[in-house]
Amino acid sequence: MNESRLEAFSDGVLAIIITIMVLELEAPKETTFEAIIPSFPIFISYLGSFIYIGVYWNSHHHLFQIIGTVNNKILWANLHLLFWLSLIPFTTSWIGENHIDAIPVALYGFVLLMSRISFFILKQCIIGHIGKTSILGKLIGRKEKDIIFSAIYIMGALLAFLNTYIGIGCFVIVIFFQIIELKKMRNSMISIVNTNQVFPKID
């Protein structure tokens, strides 16, 4: 199967996820600046989740731009990723309304963790498709950052029961480093495309 259909479907799902999140932002009835203040935590949670989904959309785009075909494992792994990302609007709304409560923050961290794990599984399925010895396979096959980011998510979810702001801070740190990782990934992908070193297998 050509990768374009998978990417188009994924783009549509991510667009719906963002749309659902923005619909949670209710405009205040009053027309004063004071009326906006209660909605500030909800907006911050929306902003963080928007950036998080944007990072995954970019990473997903760069990966599939240089893969000519996909197999059944990749299709299911991609659906697995979209499942966890589709839960972000719910957890974003809950954490926005109850940002000082531990359980919403911990659940938010759990969803972020599972999204990271599911993206790791997707990368492993891609490696199995194109080969571990390929340039792309070696690039995305590194597990160190996945382990570190996952550990920070777990730590943030647990620390939320001591102090929710520390837990949220852990999530923000990961998002910051994921943006840096994305930039490096993009430059590496451009280099691979320019040297034409990716030759995916066709099932």
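Below, each value reflects all heavy atoms present in this structure, side chains not excepted, and no hydrogens, waters or symmetry copies.
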Considering residues at least two apart in sequence or located in another chain, which fulfil the ring pair (Phe, Tyr, Trp, His ring centres under 6.0 Å) criterion with Phe50?
Tyr46
Could you tell me whether the side chains of Tyr108 and Ser45 share a donor-acceptor contact shorter than 3.5 Å?
no
Treat each ILVMFWY residue as a node, draw an edge where side-chain heavy atoms are under 4.5 Å apart, and state whether Leu112 and Ile147 are in one component.
no
Sequence neighbours left out, cut at 3.5 Å: what donor-acceptor pairs do the side chains of residues 154-161 make with other protein atoms?
none

Enumerate the salt bridge (charged side-chain N to carboxylate O under 4.0 Å, His left out) contacts for [range], please, sequence neighbours excluded, ordered by first and then second residue.
{"range": "residues 41-50", "result": "none"}
{"range": "residues 76-85", "result": "none"}
{"range": "residues 6-20", "result": "none"}
{"range": "residues 159-180", "result": "none"}

Distance in Å, Lys73 NZ paired with Ile121 CD1, rounded so as to fall on 0.5 Å steps
12.5 Å
Check side chain to side chain donor-acceptor pair (under 3.5 Å) between [X] and all other residues, then give those that pass, not counting sequence neighbours.
{"X": "Ser115", "value": "none"}
{"X": "Ser93", "value": "Glu24"}
{"X": "Tyr52", "value": "Tyr56"}

If you take all heavy atoms of Tyr153 and Gly109, which pair is closest and at what distance?
CB-O, 4.3 Å
Under the side-chain contact (heavy atoms from CB on, under 4.5 Å) test, which residues partner Ile180, sequence neighbours left out?
Phe176, Phe177, Lys184
Side chains of Ile127 and Gln124, heavy atoms from C-beta outward: is any pair under 4.5 Å?
yes
Within a strict 4.5 Å, meaning less than it, do heavy atoms of the Ile126 and Ile74 side chains meet?
yes
Check: residues 76-83 side-chain donor-acceptor pairs under 3.5 Å, at least two apart:
unit_1: Asn78; atom_1: OD1; unit_2: His60; atom_2: NE2; d: 2.6
unit_1: Asn78; atom_1: ND2; unit_2: Ser10; atom_2: OG; d: 2.8
unit_1: His80; atom_1: NE2; unit_2: Trp84; atom_2: NE1; d: 3.0

Does Ile20 sit in a hydrophobic cluster with other residues, and if so which ones, taking ILVMFWY side chains as linked at heavy-atom separations under 4.5 Å, directly or through other members?
Ile16
